[in-house]
Amino acid sequence: MVYNIDSISYGNNLFKHFLAAFSGILGTPLIIIGYLCLGETEYAYVIKSKIVSSMFFAAGLSTFLQSLIGCRLPIMQGASFTFVTPGLF
């Protein structure tokens, strides 16, 4: 496949980037959830699922905006592990 500078290739590349970034996007909230002291309360699973789903929503929204009005590269925006350690202590 040959792409020009103005070509937009969303389908195949975005899926590959999503599979590569899946562990990073899912790993950050799972680390943070472990330190929230939720235990096995009645609504702990609701809070955990909202945190994980909001992370995927934010990553998807930022990727969509980056590919439309940003630099238009097929990159996947996600969470960073940089602020996990200082945020926990």
Side-chain angles (χ1 to χ4, degrees):
M1 299 179 85
V2 178
Y3 296 108
N4 294 331
I5 192 76
D6 295 327
S7 299
I8 299 174
S9 170
Y10 290 116
N12 198 13
N13 288 333
L14 283 180
F15 184 68
K16 290 176 187 176
H17 284 283
F18 176 75
L19 290 178
F22 184 78
S23 62
I25 294 172
L26 186 61
T28 306
L30 290 180
I31 292 172
I32 295 171
I33 285 171
Y35 288 96
L36 288 180
C37 299
L38 294 174
E40 295 300 323
T41 61
E42 186 176 347
Y43 296 106
Y45 68 94
V46 175
I47 295 170
K48 292 176 185 179
S49 65
K50 284 186 179 185
I51 292 173
V52 171
S53 65
S54 66
M55 181 62 73
F56 276 104
F57 178 76
L61 181 65
S62 61
T63 301
F64 181 72
L65 292 175
Q66 178 72 19
S67 63
L68 287 182
I69 56 179
C71 63
R72 293 178 54 194
L73 292 175
I75 57 175
M76 185 73 188
Q77 300 289 328
S80 175
F81 286 97
T82 306
F83 302 107
V84 172
T85 304
L88 296 178
F89 297 112

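Residues meeting the side-chain hydrogen bond (donor to acceptor under 3.5 Å, both in side chains) test with T41, sequence neighbours left out: none.
Scanning all heavy atoms of the two residues, the minimum distance from G39 to A44 falls at O-CB, 3.8 Å.
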Distance-only check: which donor-acceptor pairs under 3.5 Å involve side-chain atoms of residues 48-58, not counting sequence neighbours?
| from | atom 1 | to | atom 2 | distance (Å) |
| --- | --- | --- | --- | --- |
| S49 | OG | Y45 | O | 3.1 |
| S49 | OG | V46 | O | 2.9 |
| S53 | OG | S49 | O | 2.9 |
| S53 | OG | K50 | O | 3.2 |
| S54 | OG | K50 | O | 3.0 |
| S54 | OG | I51 | O | 2.9 |

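Here the straight-line distance linking atom CD1 of I31 with atom CG of L36 works out to 12.5 Å at 0.5 Å rounding. In this structure, CG in L30 is found 12.0 Å from CD1 in I25, a value given to the nearest 0.5 Å.
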